[in-house]
Each structure stands twice: as C-alpha cells, then as structure tokens.
Colleague: 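Quick one: the structure is below, questions incoming.
Order of listing sets the numbers, starting from 1, for every ligand and every atom in it.
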Amino acid sequence: MAYDPDNVFARIIRGELPSDRVYEDEDFLAFRDISPAAPVHIIIVPRRERVTSTADLTDADAPWAGRMLVLASRIAREQGVEAGGYRLLLNCGADGGQTVPHLHLHLLGGRALRGFG
Ligand code: 5GP
C-alpha cells in the first residue's frame with residue numbers, strides 16, 4: 001500500500017478536514033473515529049507523512065513508535081476505560097483490514113470486545 005499524502009488522516013493532521021480531537025502534541029494527534037465500533041473509539045496518528053503502516057517501520061522508528069503505545073495508555077486512562085479494559089489495534093495492509101494508508105492505532109473500549117476479524 002503506497003502512501004497517499006491526501007489520505008483522510010493526513011488531511012486531518014493538516015487541518016484540512018475537521019475531527020473530534022481528544023489529544024494533540026507536536027508528534028501525535030488523537031481523535032474520535034467517525035464510525036465508532038465501541039463507545040470509546042479513538043484513532044491515534046503520528047504526524048509523520050510517508051509512514052503508511054507498520055510495514056514501513058525500521059529500528060529508527062522505535063522511539064516514536066514506543067511513545068505512541070505510552071500515549072495510548074494515557075488516553076485510555078483519560079477516557080475512563082483503563083479499569084474495564086480496552087483493545088489497541090494496528091491494521092496493516094489489505095488482509096489486515098487497513099483502509100486508510102497512514103499508520104494509525106485504534107483504541108477501543110467501553111464495552112466487552114470479543115474475537116477478531
Ligand atoms: P483502518 O480500517 O484503516 O484500520 O481504520 C480506519 C478508520 O478510520 C475506520 O475505523 C474509519 O471509521 C475511520 N475513518 C475513516 N475516515 C474518517 C474520517 O474522515 N474521520 C474520522 N474521524 N475517522 C475516519
């Protein structure tokens with residue numbers, strides 16, 4: 001899957017499309033999924049163009065990719081789903097169910113989640 005600089009998440013990062021933001025800093029943006037699969041469904045995206053999916057990651061990405069996980073933990077706490085539990089999901093490529101070609105981490109919680117696929 002090639003990087004498309006006009007994918008919806010790149011446009012949200014650039015402020016060209018609106019989003020319901022729950023967190024932002026110089027490296028990341030987090031906003032509510034437009035079609036939530038759970039009461040809490042947050043998308044966390046790195047402000048990095050050309051990182052389509054986890055398939056693009058190299059050792060050099062380890063610091064920010066690690067921070068993304070720590071951030072997800074923080075947002076889960078702030079969104080009130082830490083006690084009940086939650087799911088973090090990274091879809092990669094067509095068979096992984098990825099539809100937006102900009103690496104993103106799903107945070108799902110607020111109901112019991114069962115199974116995969
Ligand atoms: P993927 O299937 O690529 O892992 O996840 C893409 C997610 O982005 C889907 O859950 C979809 O509902 C969400 N999404 C697609 N377009 C938009 C949009 O314009 N705004 C927001 N907030 N979410 C979107």
Side-chain angles (χ1 to χ4, degrees):
M1 192 180 276
Y3 190 80
D4 170 10
D6 288 324
N7 74 75
V8 289
F9 294 166
R11 297 189 66 200
I12 285 172
I13 289 168
R14 291 198 296 266
E16 296 169 5
L17 291 176
S19 67
D20 186 358
R21 298 179 180 206
V22 299
Y23 178 88
E24 58 185 312
D25 64 24
E26 62 183 11
D27 295 320
F28 298 100
L29 182 61
F31 48 88
R32 296 190 190 283
D33 196 289
I34 203 168
S35 180
V40 172
H41 188 171
I42 308 290
I43 300 284
I44 302 168
V45 290
R47 292 184 193 270
R48 286 171 181 265
E49 299 224 332
R50 289 177 294 282
V51 181
T52 303
S53 73
T54 51
D56 293 328
L57 295 179
T58 68
D59 286 346
D61 297 305
W64 70 260
R67 287 203 310 277
M68 189 166 66
L69 273 185
V70 176
L71 175 60
S73 168
R74 170 181 166 174
I75 294 173
R77 197 174 308 123
E78 291 174 354
Q79 292 292 318
V81 296
E82 185 180 69
Y86 55 89
R87 179 173 294 171
L88 298 175
L89 188 68
L90 280 161
N91 293 330
C92 180
D95 281 358
Q98 183 177 8
T99 59
V100 179
H102 183 115
L103 190 147
H104 52 281
L105 181 60
H106 294 257
L107 164 62
L108 296 142
R111 70 172 173 84
L113 298 162
R114 303 273 177 249
F116 292 96

Colleague: Going by the order shown, which atoms of ligand 1 are within less than 4.0 Å of some heavy atom of H106?
Modeller: 1 (P), 4 (O), 5 (O), 7 (C), 10 (O)
Colleague: Near S35, which atoms of ligand 1 are under 4.0 Å from a heavy atom of that residue?
Modeller: 12 (O)
Colleague: Taking the six-membered ring for Trp, are F9 and F31 parallel (under 30°), tilted (30 to 60°) or perpendicular (over 60°)?
Modeller: perpendicular
Colleague: Between R14 and E49, does any side-chain N to carboxylate O distance fall below 4.0 Å?
Modeller: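 Salt bridge flag = yes for E49 with R14.
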Colleague: Are the side chain of H41 and the backbone N or O of P39 linked by a donor-acceptor pair below 3.5 Å?
Modeller: no
Colleague: What atoms of ligand 1 come closer than 4.0 angstrom to any heavy atom of I12?
Modeller: 20 (N)
Colleague: Checking a contact table here: which protein heavy atom is nearest atom 8 (O) of ligand 1, and how many Å away?
Modeller: F9 CZ, 3.2 Å
Colleague: So is S19 close enough to ligand 1, meaning a heavy atom under 4.0 angstrom away?
Modeller: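 For ligand 1, residue contact (heavy atoms, under 4.0 Å) with S19 is absent.
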Colleague: Quick one: nearest non-hydrogen protein atom to atom 1 (P) of ligand 1, plus distance?
Modeller: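 Looking at atom 1 (P) of ligand 1, the protein heavy atom closest to it is H104 NE2, 3.1 Å.
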Colleague: Heavy atom under 4.0 Å from ligand 1: found in R32's side chain, backbone, both, or neither?
Modeller: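 Answer for R32: backbone.
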Colleague: Does F116 have R87 sitting over its ring (NZ/CZ under 6.0 Å from centre, angle to axis within 45°)?
Modeller: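 Relative to the ring axis of F116, which defines the angle, R87 lies inside both limits.
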Colleague: For the aromatic rings, using the six-membered ring if either is Trp, is the centroid distance between H102 and H104 under 6.0 Å?
Modeller: no
Colleague: Enumerate the atoms of ligand 1 whose separation from the nearest heavy atom of F31 is less than 4.0 angstrom.
Modeller: 22 (N)
Colleague: Check each of L89, I34, L108, D33 against atom 12 (O) of ligand 1 and report the one with the nearest heavy atom.
Modeller: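 The option holding the nearest heavy atom is D33.
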Colleague: Check for a donor-acceptor pair, side chain of Q98 on one end and backbone N or O of G93 on the other, with a separation under 3.5 Å.
Modeller: yes
Colleague: Check whether any N or O atom of G97, backbone or side chain, sits under 3.5 Å from an N or O atom of ligand 1, and answer yes or no.
Modeller: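 Between G97 and ligand 1, an N or O pair is found under 3.5 Å apart.
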Colleague: Are D6 and R11 close enough for a salt bridge, meaning some N to O gap below 4.0 Å?
Modeller: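 Here D6 does not pair with R11 in a salt bridge, since their nearest N and O are not under 4.0 Å apart.
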Colleague: Geometry only, no angles: is V100 polar-contacting ligand 1 at N/O separations under 3.5 Å?
Modeller: yes
Colleague: Counting only heavy atoms, which portion of N91 has something under 4.0 Å from ligand 1: side chain, backbone, both, or neither?
Modeller: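 N91 to ligand 1: side-chain contact only, backbone stays beyond 4.0 Å.
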Colleague: A quick test of your reading: do over 12 heavy atoms of other residues, nucleotides or ligands sit less than 6.0 Å from CZ of R21?
Modeller: yes
Colleague: Which protein non-hydrogen atom lies closest to atom 6 (C) of ligand 1, naming both residue and atom, and how far is it?
Modeller: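 Nearest neighbour among protein heavy atoms for atom 6 (C) of ligand 1, to 0.1 Å: T99 OG1, 3.5 Å.
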Colleague: Could you tell me the residue and atom name of the protein heavy atom closest to atom 16 (N) of ligand 1, and the distance to it rounded to 0.1 Å?
Modeller: V8 CG2, 3.8 Å
Colleague: Is the side chain of R77 donor-acceptor paired with the backbone N or O of A72 at a distance under 3.5 Å, no angle test?
Modeller: no
